[in-house]
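Some notes on the structure that comes next.
Every heavy atom of this structure was used, including side-chain atoms; hydrogens, water molecules and symmetry mates were not. Everything quoted here is computed from the prediction, not taken from an experiment.
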Amino acid sequence: MTLCTNYGILNVMRFTKSLIATLREDPKEAESKSHRILLRGGFIKQLASGIHTYLPLGWCILMKISTIIREELDRIGGQELLLPAISPKEIWEASGRWQDYGDDMFRFKDRKERDYCLCPTHEEIVTDIARTKIRSYRDMPQIWYQIQTKFRDEPRPRFGVIRSRQFIMKDSYTLDVDEKGLDKSFNLHREAYTRIFKRCGLKFEIVDASGGLMGTGESKEFMARVESGEDIIVACSSCDYRANLEAAQGIGQVTSFENGKITEVHTPGKKTVDEVSAFLNILPSNLVKTIFYTAPNNKHIIILLRGDYEINEATIHNKFGFSYQPATADEINKVFGAEPGYIGPQGIKGVDVYADDILKDCTGMITGANHNNYHIKGLNIKRDVKVSEFLNLRTVKPGDTCTRCEGKLELYSGLELGHIFKLGTKYTEKLGATFLDENGKKKPIVMGSYGIGLERIMACACEQKGDDNGAVWPISIAPFDIYLVVLNPSEKEITDAATQSAQALTEAGFSVIVDDRDVTAGIKFNDSDLLGIPIRVTCGPKGLKKNTFDIYMRETKEIFEVERTEIVAKCIEIKEHLYRRIND
RNA sequence: CGGGAGCUGGCCUAAUUGGGUAAGGCGCUUGGUUUGGGACCAAGAGAUUGGCGGUUCAAAUCCGCCGCUCCCGACCA
């Protein structure tokens with residue numbers, strides 16, 4: 001403190017000395033609410049598509065979020081480390097993901113022409129540590145985590161920092177001796193994540209998820225309902241069933257039609273479900289869609305779905321493998337002898353047919369005739385098609401019935417804040433990370449992996465709490481606690497009073513930003529709203545005459561006129577109040 | 001990857017239809033008046049109009065190619 005006397009207070013941020021550049025108008029590239037607020041408030045700056053600078057205010061928020069995450073992971077026994085962001089190709093080839101990741105991976109060569117990637121995630125690297133450092137069942141369980149920049153060359157970056165190509169992730173990895181241990185590690189993360197998102201002031205729900213490229217074990221997502229969501233949450237209106245649309249299962253209304261002989265109908269140029277059903281004046285649910293999937297070096301498959309449902313590709317990938325893709329028009333022509341839109345399952349040899357289970361007893365259906373411009377009527381699934389297996393292959397649609405109760409399923413847009421996966425031995429087997437159990441038997445380590453997108457927490461707070469005037473940061477992640485407005489900073493009396501208060505508030509443990517700019521009051525008030533600092537203290541000539549300051553709460557817009565000597569006490573009261581109601 | 005929109009001083013926009021050598025607001029600099037919700041006066045600085053090529057006496061404007069950005073979809077831990 002004495003060292004600073006010559007410079008006055010150094011620990012209070014002054015607006016005039018800060019890199020804060022708010023924009024008066026919405027930048028044209030921003031359409032979603034959080035993107036607009038983050039850009040206008042000068043929290044972030046875009047450098048390229050999906051690549052952003054976190055300016056001091058934005059970084060301040062991310063640091064606050066990091067602190068909360070660290071506290072909660074340390075609480076469950078996590079150990080923080082930092083893995084390299086660059087990784088050589090070989091380890092990714094061993095896991096198979098050098099290929100599986102495809103174009104989503106940023107790759108480059110060093111001067112010796114050796115291949116590297118910028119890590120999109122770190123399972124391989126963790127497994128590499130595990131295989132040399134973990135040798136005995138006594139070495140487990142372990143929880144390792146890091147907070148680090150990840151790189152993914154997303155095909156379509158979106159909504160500012162919500163889907164970007166460079167982003168900060170907290171990723172943790174657990175190592176256990178068996179499934180039971182993994183369950184425990186998984187549940188510890190579930191609890192830690194719940195506390196983290198609550199402490200960040202967000203509304204969220206835990207939903208069933210599909211593992212995707214990570215693996216097929218159990219996985220849960222922490223989803224926030226927001227407008228600019230990237231995912232779709234399926235929620236039951238009467239029980240607590242929640243799932244990502246990719247993983248959701250529902251019960252559809254079975255419909256069937258009059259049984260009869262197969263007859264051909266001329267449907268010139270009518271290919272899609274909408275076109276055919278309109279042309280024949282029938283319901284889409286009377287149609288059977290035939291979808292042909294192929295995979296290199298694998299057997300082709302036919303998927304049958306009712307016309308009013310869409311396929312769930314996540315199910316196809318989990319059930320049959322990630323290499324399966326919808327066939328091209330050429331492949332379809334070769335196998336069915338007709339163009340897409342006129343194909344049907346009847347009479348096709350050497351290809352397995354999997355039908356959605358809602359079609360099981362259907363009769364009187366309409367599907368492609370396997371020659372162009374014709375469909376057939378009267379398809380009886382059991383009689384006319386050799387179905388290998390009936391499976392739930394459809395994507396849930398609103399109004400489907402919950403599988404757990406009688407409730408109806410509804411769909412909401414959601415933002416994935418975190419994801420927890422049970423990986424099992426997928427990576428440890430491939431990379432040879434084993435240990436000796438108490439009987440001296442060699443076994444693969446059982447892994448879990450868990451991620452949180454830090455910027456998404458920041459964006460989510462904007463989406464859920466922001467208003468027309470800008471951000472409304474929950475006090476726990478706000479870049480500052482207090483925004484001190486100095487009206488007429490040219491008057492010494494006012495500046496002195498403000499400086500004194502800033503000092504007192506800082507000493508009381510508040511982080512304070514002082515708006516000491518020589519601009520009109522409106523600019524300062526609007527910027528304080530835009531920046532979303534929870535508490536605003538105004539020091540101006542009017543109040544000073546009465547020896548009072550105004551205290552304004554960003555979220556509720558309440559204003560208190562407070563005696564100068566009572567400011568610190570009142571701010572403490574408000575801060576405590578804000579922390580208490582953070583999860584109301 | 002498919003569809004759509006767009007790219008003009010730091011930011012938002014005009015001039016593009018009908019080619020004539022870039023205009024306004026905000027911001028910035030200097031001086032002055034102001035100051036409880038984006039105030040005012042005066043004087044300044046700041047642009048190879050995304051890039052390359054073509055047509056033309058003349059291109060921000062017309063044509064071609066390319067790049068970049070956003071939105072919808074596909075895709076995606």
*For ring pair (Phe, Tyr, Trp, His ring centres under 6.0 Å), just list the numbers for A/Tyr293 and A/Tyr324, CA-CA rounded to whole Å, side-chain angles, deciding distance to a tenth of an Å, and then say yes or no.*
CA-CA 6 Å; A/Tyr293 271 79; A/Tyr324 277 94; 7.1 Å; no
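- Using a cut-off of 4.0 Å between Lys/Arg side-chain N and Asp/Glu carboxylate O, A/Asp516 and A/Lys17 are scored as not salt-bridged.
- Along RNA chain B, the nucleotide nearest to A/Arg40 and the one nearest to A/Glu31 differ in position, and the one closer to the 5' end is contacted by A/Arg40.
- Remark: side-chain polar atoms of A/Ser413 are paired, donor with acceptor, to backbone N or O of A/Gly229 under 3.5 angstrom.
- Dashed line: the shortest gap from a side-chain N or O of A/Ser49 to OP1 or OP2 of B/rC68 is not under 4.0 Å.
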*Intermediate values then yes/no, ring pair (Phe, Tyr, Trp, His ring centres under 6.0 Å), A/His122 and A/Tyr173*: CA-CA 9 Å; A/His122 282 83; A/Tyr173 304 88; 7.2 Å; no
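- For A/Gln325, no side-chain nitrogen or oxygen approaches OP1 or OP2 of B/rA74 to under 4.0 Å.
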Dump the pairs, protein N or O against N or O of nucleotides 8-12 of chain B, anything under 3.5 Å, distances to one decimal.
from, atom 1, to, atom 2, distance (Å)
B/rU8, OP2, A/Lys28, NZ, 3.1
B/rC12, OP1, A/Lys28, N, 3.1
B/rC12, O2', A/Glu25, OE2, 2.8

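- The side chain to side chain donor-acceptor pair (under 3.5 Å) test with A/Arg394 is passed by exactly one of A/Thr315, A/Asp356, A/Asp308: A/Asp356.
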*Could you please spell out the steps behind the ring pair (Phe, Tyr, Trp, His ring centres under 6.0 Å) verdict for A/His52 and A/Tyr54?*
CA-CA 6 Å; A/His52 303 266; A/Tyr54 305 127; 7.0 Å; no
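- Of all the heavy atoms in A/Leu23 and A/Leu530, the pair that sits closest is O-CD2, 4.3 Å.
- Just one residue in the list A/Arg242, A/Lys220, A/Gln249 forms a side chain to side chain donor-acceptor pair (under 3.5 Å) with A/Asp208, and that residue is A/Lys220.
- Where RNA chain B pairs in unbroken runs of 3 or more (Watson-Crick or G-U, both distances under 3.5 Å), the stems are B:1-7 with B:67-73, B:10-13 with B:23-26, B:28-33 with B:39-44, B:50-54 with B:62-66.
- Of all nucleotides listed (B/rC72, B/rG37, B/rG36), B/rG37 comes nearest to the side chain of A/Asp529.
- At least one side-chain nitrogen or oxygen of A/Arg156 sits closer than 4.0 Å to the OP1 or OP2 atom of B/rC72.
- Each of A/Glu154 and A/Asn469 lies near RNA chain B, and the nucleotide nearest A/Asn469 is the one positioned closer to the 5' end.
- When each of B/rC75, B/rG38, B/rG36 is scored by its nearest atom to the side-chain atoms of A/Asp527, the top-ranked nucleotide is B/rG38.
- Heavy atoms only, all atoms of each residue included: A/Pro157 and A/Glu154 are closest at CD-O, 3.7 Å.
- For the pair A/Arg107 (side chain) and A/Cys117 (backbone), a donor-acceptor distance under 3.5 Å is absent.
- Between B/rC76 and A/Arg158, no contact under 4.0 Å exists linking OP1 or OP2 to a side-chain N or O.
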Protein-nucleic acid N or O pairs under 3.5 Å, nucleotides 29-35 of chain B:
from, atom 1, to, atom 2, distance (Å)
B/rU35, O2', A/Asn488, OD1, 2.7
B/rU35, O4, A/Ser490, OG, 3.2

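- Screening A/Tyr193, A/Tyr145, A/Tyr450 against A/Lys170 for a side chain to side chain donor-acceptor pair (under 3.5 Å) leaves a single residue, A/Tyr193.
- Whole-Å rounding puts the A/Phe159 CZ to B/rU69 P distance at 17 Å.
- Among the protein residues, A/Arg517 comes within range of no part of the nucleic acid, since none of its heavy atoms lies under 4.0 Å from any strand.
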